[in-house]
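In what follows, a structure is listed as structure tokens, so that the remarks can point back to it.
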There are 2 protein chains.
Amino acid sequence: MSDLRKTSVQDLLRSTDLDREVLVKGWVRTRRGNKYVQFIAVNDGSGFNSIQVVANAEQFPEEKLKADGVENGAAIAVRGQLVASQGKGQTVEIQATEITVYGSADTAEYPLQKKGHTLEFLREIAHLRPRTNTFGAVLRIRHAMAFAVHQYFNDHGYFYVHTPIITGSDAEGAGQMFRVTTLPEQNPPLDEAGHVDYKQDFFGKATNLTVSGQLEGELAAMALGKIYTFGPTFRAENSNTARHLAEFWMIEPEVAFNDLQDNMDLAEDFLRSLVRYALAHCPDDLQFLNDQYDKELLARLQFVVDNDFKRLTYTEAVEILKSAKQKFEFPVDWGTDLQSEHERYLVEKHFKKPVILTNYPKDIKAFYMKLDDDGRTVRAMDVLFPGIGEIIGGSQREEDLQKLRTRMQEMHVPEEDLWWYLDTRRYGSAPHAGFGLGFERLILFVTGMGNIRDVIPFPRFPKSAEF
Amino acid sequence: MSDLRKTSVQDLLRSTDLDREVLVKGWVRTRRGNKYVQFIAVNDGSGFNSIQVVANAEQFPEEKLKADGVENGAAIAVRGQLVASQGKGQTVEIQATEITVYGSADTAEYPLQKKGHTLEFLREIAHLRPRTNTFGAVLRIRHAMAFAVHQYFNDHGYFYVHTPIITGSDAEGAGQMFRVTTLPEQNPPLDEAGHVDYKQDFFGKATNLTVSGQLEGELAAMALGKIYTFGPTFRAENSNTARHLAEFWMIEPEVAFNDLQDNMDLAEDFLRSLVRYALAHCPDDLQFLNDQYDKELLARLQFVVDNDFKRLTYTEAVEILKSAKQKFEFPVDWGTDLQSEHERYLVEKHFKKPVILTNYPKDIKAFYMKLDDDGRTVRAMDVLFPGIGEIIGGSQREEDLQKLRTRMQEMHVPEEDLWWYLDTRRYGSAPHAGFGLGFERLILFVTGMGNIRDVIPFPRFPKSAEF
């Protein structure tokens, strides 16, 4: 078969150049038929839809196909004529002239033989689940969203910056961290005070996995102007929920000379363009997820594209929540952090659209956020989405050296760990702003899936680092 | 200034719409002039070239500019008329009407005041070095190459897969690993045998930072067909060289139904298209690096674009090396791994072009490579580049379950750790191939920089995890 190059299933399905010899390679999704003809659905992962291979029983008797292992899960090559389909559900099909089996999948053993596996079961065989309709769709959408992120920023003059994964500073305080070490696992060297002597560790100091690339991203923004990060981040919290992962990917744009208003404009335009990209580039996969899991998915995505986000301050939101007729589990009062129930009330019941809350009390936000003139609130912003809650958190940053040092002292952030960060305020300081988008939160929203473990190929969570 | 939106320096430099009011925000690179006029070069990171701001002494006396801190490194906003330049070296300039200083940079303190800092010194202030010509250029090229990677694969129907960073398997044996843990740093819990009881660790098992996403990438390729990874990988080796990092980024495409020939075609087309992209999109930054550091850089890049790579087997290469007149430090004989001096001889002296070596002895390559029919060699390929040596390593993978298990036993790779990997050979196995491209090696080649610590924003190496 070496003279004819293989064509992807998606290219064949889109082809209008019929009645020609083609070669396709992929996996059998189904085989059915009768004693006259067999229909083999072949999928190569290039898209949601499989191509129908028609195998005439004269050349390909069912017994021979069975004996050769042409069953669900088998990897095969098919050579044949690409023709207009007489059947329903597809416009083209392949009239097979040659079928080669690379590897079969024993019907008695193959875990994906039967349909209708639960998502919980598929999580245990995460190495095989990309072969299912659901995870094929999710992973192709995930790819499309990652590419859309890079394309958006590239088109808008941003530079992609790789911030470090292994970090010597636990400065941001965004969460518990994983320790990274090459010291002996038992009896590590101790210093004179009896503490572990990290001077003898690989990096000569205690190191952890990063919780955010923001601080390093700010360094780059104060030189390159407009930057973004897109990399893995980590939380060592013992959270066994459908919303948390120990390892997840985060996107963090940072822009010199942007204020909070610019930051909101960017977040809104960015999110809306990502959703628009998904609708334009993943129609088959989205339609399947809409039909199979969430009948309102496509309508919800279109709604985000079509509607402005509602912008209001934290203080205004608290007033709305306090006068709401709904009974909340957690009480709301100015100064307390909003709970998921409050965020969802604002988004799903009160405004019925995405919401950007701004100007939170300084005491519930990070040290680096720019203090408002009232001295009580900071130029923070959270973008709240239906079904998801907070999808983006960001702020204008404090660019004034003295105010920043005061906030660090108040919040017990050690200056000596962040001398380099403070240098950006010492030399050529400028207003700047940015935000973080949890990539898996975005994928949850775009796919309509309910559990964050189902939107990353190999999820890491407490007691699980399989594959 | 709020009514007029800022324009990036690059957009202004390219503009043909002159004699209009503009607003630019950036950092002062130089200020010079006389008692009649001051020239301020402003750079906002959007590209290599700065824009010249002309400040008339009547409105902006030098003493006032000085007093306001309009000096090298200061962040400023300039409002003025964009006009055709009367001076040399630029086509447009700004006649300033308003200059605002956001943050100055004390001339006595600012580490980047003087020109001609060594790369070694700049490495110690990696938080500020992106503000220099050199690192601005390197980081913009790095961005361009990352985007070109994503664009190439997206355009060719590949799906980006995020493989895990924290991994429970040390299976590939590609190098020493960093331990990831949340156990107490002293006196961790022990099991009955007296070993550290990793069942009590965060993930319920011992975990490390990944050395490669390949094995998980193969899982995805056996479902989605054509995939690539692009993520951080780690080596805990105590290598203090100009070619090694403890944390670096790797790109690993993997393609179902590809053989070694397809793999070579992909590697060659991919590399050539990346270099072509750099030449097309980064002319100013490349020209600077060419003039400043490496007079042959542009010629070398063009050479890669214009010439096919030479392909030959390891066995043929050994014959060439054995009959070479050059004296090598390490002797060459069939079965030994080639050293850098051998690779560079082949590339730089013998063929004078990039080289792809294939079919290495099985004993010096990884367990997963497909055995050749002779039983002595495997379908490996290394792509060797001038000045760099190995830039890509890859192979066709062993798709036969029994042959793979035999190789694992011979090479002492525990099957129980890789049950999921073996499943791909149990169910619907197919030929497939892929390779790994060290992203920083690529950036070294494209920028002509000599030290790998200078092509990643915040390098991690032994005794250094600063910033």
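Each chain gets a letter, A, B and so on, in the order its sequence line appears, and its residues count up from 1.
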**Prompt:** Are A:F257 and B:Y102 close enough that their ring centres sit under 6.0 Å apart?
**Reply:** yes

**Item:** B:F203 ring center within less than 6.0 Å of A:F178 ring center
**Value:** yes

**Asked** Step by step, would you call A:E466 with B:K205 a side-chain contact (heavy atoms from CB on, under 4.5 Å)?
**Response** CA-CA 9 Å; A:E466 209 49 70; B:K205 66 197 300 191; 3.7 Å; yes

**Prompt:** Would a line drawn from the ring center of A:F230 to the ring center of B:F230 be shorter than 6.0 Å?
**Reply:** no

**Message:** At a 4.5 Å cut-off on heavy atoms, which part of A:A206 comes close to chain B: side chain, backbone, both, or neither?
**Reply:** neither

**Asked** For the side chain of A:W27 and the backbone of B:G428, is there at least one donor-acceptor N/O pair under 3.5 Å apart?
**Response** yes

**Item:** Interchain contact, A:T424 with chain B, by part (heavy-atom threshold 4.5 Å)
**Value:** both

**Request:** Find the distance between CZ (B:R460) and CZ (A:F202) and round it off to the nearest 0.5 Å.
**Result:** 11.5 Å

**Item:** Selection from B:R179, B:K226, B:E218 maximising heavy-atom pairs under 4.5 Å formed with chain A
**Value:** B:R179

**Fill in**
The interface call for B:P232 against chain A, heavy-atom contacts under 4.5 Å, is side chain

**Message:** Taking the side chain as everything from C-beta on, heavy atoms only, tell me whether B:H143 gets closer than 4.5 Å to A:N154.
**Reply:** yes

**Donor-acceptor side-chain pairing of B:K6 and A:N258 below 3.5 angstrom** = yes

**Message:** Looking at chain A, which one of B:Y158, B:F234, B:W419, B:F159 has the largest number of heavy-atom pairs inside 4.5 Å, strictly under?
**Reply:** B:F159

**Request:** Keeping the roles fixed (side chain from B:E216, backbone from A:F458), state whether a donor-acceptor pair exists under 3.5 Å.
**Result:** no

**Message:** Within this structure, what is the CE-OG1 distance for the pair B:M177 and A:T182, rounded to the nearest 0.5 Å?
**Reply:** 13.0 Å

**Complete:** Note: vs chain A, highest number of non-hydrogen pairs under 4.5 angstrom among B:Y421, B:F135, B:Y198, B:F153 is B:Y198

**Message:** Please classify the contact between A:L401 and chain B as side chain, backbone, both or neither, with a heavy-atom cut-off of under 4.5 Å.
**Reply:** neither

**Complete:** Counting heavy-atom pairs under 4.5 angstrom with chain A, the leader among B:G73, B:A221, B:S464 is B:S464

**Asked** Can you tell me how far the CD atom of A:Q186 sits from the CG atom of B:L190, to the nearest 0.5 Å?
**Response** 5.0 Å

**Item:** Option in B:E185, B:R140, B:Q151 with maximal non-hydrogen atom pairs under 4.5 Å from chain A
**Value:** B:E185

**Message:** Quick check against the 3.5 Å criterion: does A:K199 have a side-chain atom that pairs as donor or acceptor with the backbone of B:K463?
**Reply:** no

**Fill in**
So CH2 of A:W420 and CG of B:L128: to nearest 0.5 Å the spacing works out to 11.5 Å

**Prompt:** How far apart are the C-alpha atoms of B:D262 and A:R5, what are their side-chain angles, what is the distance that settles it, and do they pass the side-chain contact (heavy atoms from CB on, under 4.5 Å) test?
**Reply:** CA-CA 11 Å; B:D262 300 321; A:R5 290 194 70 84; 4.1 Å; yes

**Message:** Please check: side-chain N/O of A:E247 versus main-chain N/O of B:I165, any donor-acceptor pairing under 3.5 Å?
**Reply:** yes

